[in-house]
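These notes are about the structure you will find just below.
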Amino acid sequence: GILPHYQNNRWGILPHCEAGSLAYWSLAYWKCHFFTKYQMEILYRIGYAVCHQLPERTIFIDGKQLPVCARCIGIYIGSLISIFFILFSKRRKSNAIPVRYISFTFVFLMCIMAIDGVTSYFGIRETTNSLRLLTGLSVGIPLPFFIYPILMDNLSESSREEQILKSGYELILLILLAIVSYLLIFHFNTKIYYPIALLTGIGIFSLHYLLLVTIFSLIFYNFEPKMKILKPFLIFLSGFILFFIEFITLTKLHTIINQQ
């Protein structure tokens, strides 16, 4: 099946029963195993759709393999950080990309991942999971700040430009959040496997959904219904539907590739 890791308890999720009431421990084992197994199967299936999941390129926490590779972890956790930053700040209606020097900094950071990926792929140099995670974060953090303003510009009726990042302090804060995430995921990760796996799943959904609704906002750009709420409703509903179609398609493609 899609979860071969369960065959040898690779996820390390089976609880260890101690002495006590046989009925009590049997019930506790069933509840813990059922909930954890199917919760992790959902996260693994989500990761399976977007990532190769090669063990040698994936971070293990407490002996358990994360749902996606180190670089993907960085991209999706980084994106989630930025999406939360946007949604819980006063920049939710921003319809312009960051100021010039921040935008250039973000482009430079994204180029670092491209260099790391290309040079390692062609055998010019070896990379590590630590570098994969760092360079993934260097792409994940900037991406929403370029995508989100396009969405808001297409949805907003205001012609006034409001840049999504204006201050160097905000840039420093985002870099510090990326560093803290790197340290937690790669160095100080004891007992936090499930939170990281869950946040990764949320990050995958958030980034892909943001991309899809932004694409649909471009498609519906000239659509002007009488009911103003209809346009955003159609955009967000279409993105939600296409999200599931995308993941079913990607899962099938991954399975076909593995069978060849």
Side-chain angles (χ1 to χ4, degrees), residues 1-14 32-80 83 113-114 116-118 120-123 126-129 131-133 135-137 139-140 143-144 147 185 189 193-216 219 236-260:
I2 199 164
L3 267 181
H5 305 279
Y6 286 120
Q7 293 174 2
N8 56 7
N9 195 26
R10 191 174 188 174
W11 291 100
I13 61 173
L14 302 183
C32 182
H33 178 68
F34 178 85
F35 175 75
T36 307
K37 175 181 177 180
Y38 289 100
Q39 180 189 44
M40 286 312 306
E41 182 167 0
I42 291 170
L43 291 175
Y44 186 84
R45 283 178 180 272
I46 292 171
Y48 183 84
V50 299
C51 180
H52 52 69
Q53 295 181 322
L54 296 175
E56 64 272 17
R57 297 184 186 179
T58 305
I59 296 169
F60 285 72
I61 297 177
D62 298 328
K64 299 181 282 289
Q65 182 178 342
L66 286 169
V68 293
C69 71
R71 205 182 305 277
C72 286
I73 286 283
I75 292 171
Y76 292 119
I77 293 290
S79 295
L80 190 61
I83 290 169
M113 192 192 86
D116 181 54
V118 170
S120 61
Y121 180 81
F122 288 103
E126 290 291 328
T127 190
T128 63
N129 281 341
L131 274 175
R132 290 185 182 105
L133 176 60
T135 55
L137 286 164
V139 166
L143 270 180
I147 301 170
I185 295 169
N189 53 21
Y193 170 79
Y194 292 109
I196 292 174
L198 181 59
L199 287 172
T200 301
I202 296 171
I204 292 170
F205 172 79
S206 300
L207 181 58
H208 282 257
Y209 186 66
L210 177 61
L211 283 166
L212 291 170
V213 295
T214 302
I215 292 169
F216 275 108
I219 294 171
F236 289 111
L237 178 63
S238 300
F240 193 75
I241 293 170
L242 192 60
F243 173 82
F244 286 100
I245 295 172
E246 176 198 10
F247 269 72
I248 291 169
T249 304
L250 290 174
T251 300
K252 295 292 184 183
L253 286 172
H254 193 162
T255 303
I256 291 169
I257 292 169
N258 284 348
Q259 289 173 348
Q260 289 180 350

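Small disclaimer: the values here were computed from a predicted structure and weren't measured.
- The line from CZ of Phe247 to OG1 of Thr249 is 11.0 Å long, rounded to the nearest 0.5 Å.
- Nearest heavy atoms, Met113 versus Ile75: SD-CD1, 4.1 Å.
- The structure places CG of Leu211 at 8.5 Å from OG of Ser79, a figure rounded to the nearest 0.5 Å.
- Between the CG atom in Leu212 and the CG atom in Leu242 there is a gap of 5.0 Å [rounded to 0.5 Å].
- Counting only distance, with no hydrogens or angles, the side chain of Gln65 and the backbone of Gln53 share a donor-acceptor pair below 3.5 Å.
- Inter-residue side-chain proximity for Thr200 and Ile77 is flagged as met; some heavy-atom pair is nearer than 4.5 Å.
- Residues Val50 and His208 share a closest heavy-atom pair of CG1-NE2, 3.7 Å.
- Taking the side chain as every heavy atom from C-beta outward, Thr127 and Arg132 approach each other to under 4.5 Å.
- At a threshold of 4.5 Å between non-hydrogen side-chain atoms, the residues Pro144 and Leu210 count as touching.
- Tyr48 and Thr255 share a side-chain donor-acceptor pair at under 3.5 Å.
- Side-chain contact between Leu80 and Ile202 is present, with heavy atoms from C-beta onward closer than 4.5 Å.
- With sequence neighbours excluded, the residues forming a side chain to side chain contact (heavy atoms under 4.5 Å, CB included) with Ser238 are Phe216, Phe220, listed by chain and number.
- Ile61 CD1 to Ile196 CD1: the interatomic distance, rounded to the nearest 0.5 Å, is 3.5 Å.
- Nearest heavy-atom pair, Leu43 versus Pro67, reported as atom, atom and distance to 0.1 Å: O-CB, 3.7 Å.
- The side chain to side chain contact (heavy atoms under 4.5 Å, CB included) test with Ile185 singles out one residue from Leu137, Ile59, Leu199, and that residue is Ile59.
- Below 30°, between 30° and 60°, or above 60°: for Phe205 and Tyr209 the angle between ring planes is below 30°, a parallel geometry.
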* **Verdict with reasoning, Phe236 to Phe240, per ring-ring contact (aromatic ring centres under 6.0 Å, His included)** => CA-CA 6 Å; Phe236 289 111; Phe240 193 75; over 10 Å; no

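- The CD1 atom of Ile256 sits 11.0 Å away from the OG1 atom of Thr251 when rounded to the nearest 0.5 Å.
- The closest side-chain heavy-atom distance from Pro55 to Phe60 is below 4.5 Å.
- We find the CD1-CG distance between Ile248 and Leu253 to be 12.0 Å, quoted to the nearest 0.5 Å.
- The shortest heavy-atom contact between Leu207 and Ile83 is N-CD1, 4.2 Å.
- For Arg71, the salt bridge (charged side-chain N to carboxylate O under 4.0 Å, His left out) partners are Asp116, not counting sequence neighbours.
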